[in-house]
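Reviewing the structure listed below.
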Amino acid sequence: MEWKEQYGGLILKQMRRLGESVDWSREVFTMDEPRSRAVATAFVRLYEKGLIYRGHYVVNWCPRCLTAISDEEVEHEESETLLYHIKYPVAGTEKHITVATTRPETLFGDVAVAVHPKDRRYAHLVGKTAILPFARREIPIISDEYVDPKFGTGALKITPAHDANDFEVGKRHGLEPVIVLNPDGTLNAQTGDFAGEDRFAVRKKIAEMLADRGLLARTESHRYSKATCSRCDSVIEPYLSRQWFVKMKPLAEPALQAVKKKQVKFFPARWTKTYGHWMTHIRDWCISRQLWWGHRIPVWYCGDSACGALTVAVDPPAACGTCGKGGLMQDEDVLDTWFSSWLWPISTLGWPEETADLKRFYPSTFLVTGPDIIFFWVARMIMAGIEFRGEPPFAHVLFNGIVRDPQGRKMSKSLGNSPDPIAVMDEYGADAVRFTVVYLAPLGQDILFDAKRCETGKFFANKLWNAARLVKMRLADTDPRKVKDGQLALTLADRWILSRYANCVKDVTRNLKTYRLSEAAQALYQFTWHEFCDWYLEMIKPRWTPAADGSLPDEKDALTARVVASRVLDGILHLLHPFMPFVTEEIWQALPHTGETITTSAWPKAKKAWFDSEAEEQVQFLQEVVTAIRNMRSEMNLPPAKVVNAVVRADGDALKALEANRATLGPLARVGEWTIGPEAQRPGVAASSIVRGMEVWIPLVGLIDVAAERIRLTREADKVLSDLEGTKKKLMNQDFLSKARPDVVQREKDRLEVLDQTVVKLKKALEALRA
RNA sequence: GGGCGAUUAGCUCAGCUGGCUAGAGUACCUGCUUGACAUGCAGGGGGUCACUGGUUCAAGUCCAGUAUCGCCCACCA
């Protein structure tokens, strides 16, 4: 209980700090009374259905934990060991039969030597007996299909108590198993002089002694998969003991169907294959543990040896269910922790009582977890849900990637490579950590996590904070909620940001629906920073920034900017809220808002009217012009403070767009005077750039670095020429023209035209420099 | 032995339905005390998309195979 307070408390603290959205009033503990009752009830019901049984079997035994563990708790690792070829003398002859084993120390537990029935090499020995070295026991030489004649010597020592397959072979031949190990992995009294010594020490010693007696034919190195305990890393011993098991096949079948029929859907879908494979090859689940911590097995044994019956019950029975006598003893073992975990979806809702919660909340919509516990937990929850409630506990399962350290290793206590989440949050902030981790983790992909990467989220939060600060400041005492659409006059920039925003809403919402959280986060990051902040907030500065005397260029225009900016910001806050709950709530509260908390306010919707491809197209063009001018300025080493003039030769829509947005473009490109028109001429010495086939010049008398400009233009021309070549090639291809989609063909044609013009004009610009 | 993932800029990775003239963050170079933000702004260099074949008008994207790394499963001593 102390342990629970300490570590359970830490996890809860981390959850609160991370801002997890949790109903804290429903916190329960796996060992509390209602949950214990659920566990006992499940056991009793399965027992009564004949799905739980007790028996002697070879199980995975951990000599350090001193308990049986399930197959899932065993880890396998490719490893190298020695394969010992040991000669067993054949009784009554001078001959030997040589067996191959990796564990010579278990020879004391041998009860037979087996060969394949069709193996001619050994046919004459079947029926004879072999003499076990040291043990002075004779054991039969038998034949069994199980033996692989091609492995080792083709003769197999049979040790039923310490090998699951040998156990089966032994059973077929009516051979009594001999246990030679103590629970702690030392040899037992069966082994005479070796009793009390560790299995690995004995292995070495036996090998030496066999060699001394000429009974060790040879050793060879052998690759095998080493089985270790997932908790303590000790080498697992197959060990014959009495344990409780759950019969899995009947439970697995409906659970397998539920996933096949998409009643339960996995994200990413590939895990359904893993699940399906495991479910089809499932083996019975060993649920008893020889530990002190856990739910006791709800089984009582009659104290009367004449009766000896067992009573299985949820509540401790007063008397034996068979003979009615008292003095019952409860089973000493406890249950595998997963035996309570698999009931989690129902036990937390009050099962086995038919509670209101259970009726209302079962089944739930989805589960988030790691793929490393798909068998331990997910599969078993589905089985338990169907078994006890008649339907699966959830519709969707999201499998997160696993967070690894920068070297790609799994976070583990022994490596000490897992950062303390609280410390990371202290350094970067909870929102930053949340955002960064989601941003970095594509659906189901493991991520290499370095705390330093949380800068991404931290800087982003800072950016958002400052953008909000600007909006709040410029909003002055305007309350955008009270402004009617009719009071607004949307400019191109406004239409553009609303359109981009609508796209962003669509994108984020769609990605969230399919659990592509990282893509949703990236879309938000991109939109917020590089469209809303970098462009929109810059574009509207001339409109809503008051002069020194507090006056605005145009009241209606300023109002429109205020309303659009604050609406888009409000939308961003909502979309971002699941990723960064703290900072978004804080900002939202500081701005005019409706409702108590952003958490429960409505999720943004993209209004159809906002999608405006014309505005997007036009602004994109203007951005290209601005970028071209910035590029020229930068390459010509013109300081940002230096205001220059610009000349653009343009006509048609381009001309209109430029004319209409002079005031917006000026500050962005730091251009003072614009000369725009179809007849505009290169102004003598100038830097030039071609945007969509139109020439843009910056007159630079006395300022231009001719050599630098020539290099820049040449580089530009090279790139355009190679693009041009590719495009030409495509358009000369008859198959392309006839088979490609018409819009694709048209796009290539348009591109060709623009590129052609660009090349011509770049060449002209280069010539002009020569003069 | 089976299954699954990964292989794209120096590094960490996006790129879902094939149209990419291949992106982001970071690192790097240049210039900026531009009245929200130097946790910032602007500009720039940097990639034969592991390899080999195939399908297609068109492949980072689809198919087959190969290689390397990683994970999971499997009762061959």
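In what follows, chains are A, B, ... by sequence order, proteins preceding strands, each numbered from 1.
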(request) Encode nucleotides 13-20 of chain B as B, S and - characters from 5' to 3', where the letter depends on protein heavy atoms closer than 4.0 Å: B to the base, S only to sugar-phosphate, - to neither. (result) SSSB--BS
(request) For B:C20 and B:C37, measure between their C1' atoms and round to the nearest Å. (result) 34 Å
(message) Quick check against the 3.5 Å criterion: does A:K157 have a side-chain atom that pairs as donor or acceptor with the backbone of A:T101?
(response) no
(message) In whole Å, I'd like the distance from the CZ atom of A:F267 to the C1' atom of B:C4.
(response) 19 Å
(message) Only Watson-Crick and G-U wobble pairs, only distances under 3.5 Å, only runs of 3 or more: what stems does that leave for RNA chain B?
(response) B:1-7 with B:67-73, B:10-13 with B:23-26, B:28-32 with B:40-44, B:50-54 with B:62-66
(message) Side chain of A:N637, heavy atoms from C-beta onward: which of B:C72, B:U21, B:U30 has the nearest atom to it?
(response) B:U30
(request) Would you indicate whether the side-chain heavy atoms of A:R199 and A:V235 approach each other to under 4.5 Å? (result) yes
(request) Classify every nucleotide of nucleotides 34-47 of chain B by which part a protein heavy atom approaches to under 4.0 Å, writing B for the base, S for the sugar-phosphate alone and - for neither, in 5'-to-3' order. (result) B-BB-BSSSSS---
(request) Round to the nearest Å and state the distance from A:K171 atom NZ to B:C75 atom C1'. (result) 14 Å
(request) Test salt bridge (Lys or Arg N to Asp or Glu O under 4.0 Å) on A:R741 and A:D743 and set out the steps. (result) CA-CA 6 Å; A:R741 279 202 329 259; A:D743 62 303; 3.1 Å; yes
(request) Can you tell me, in whole Å, how much space there is between the C1' of B:G1 and that of B:C75? (result) 13 Å
(message) With rounding to the closest Å, how many angstrom separate the C1' atoms on B:C73 and B:G54?
(response) 32 Å
(request) State which of B:C73, B:C76, B:C57 makes the closest approach to the side chain of A:N733. (result) B:C57
(request) Would you kindly give the CG-to-P distance between A:D372 and B:G70, to the nearest whole Å? (result) 19 Å
(request) Using the closest heavy atom to pick a nucleotide of RNA chain B for each, name whichever of A:E72 or A:K157 lands nearer the 5' end. (result) A:E72
(request) Could you check which of B:C4, B:C57, B:G25 has an atom nearest any side-chain atom of A:R270? (result) B:C4
(message) From CD1 of A:I282 over to P of B:A74, roughly how many Å is that when rounded to an integer?
(response) 11 Å
(message) Please give the distance between the C1' atoms of B:C69 and B:C51 as a whole number of Å.
(response) 15 Å
(request) Take atom P in B:G23 and the same atom in B:G45, then report the distance between them in whole Å. (result) 12 Å
(request) For nucleotides B:C11 and B:U17, find the distance between their C1' atoms and express it as a whole number of Å. (result) 31 Å
(request) Check whether the ring centres of A:W271 and A:F266 lie less than 6.0 Å apart, and answer yes or no. (result) no
(message) Aromatic contact between A:H222 and A:F151, with the criterion being ring centroids under 6.0 Å apart: yes or no?
(response) yes
(message) The side chain of A:K273 is closest to which nucleotide in this list: B:U21, B:C76, B:G3?
(response) B:G3
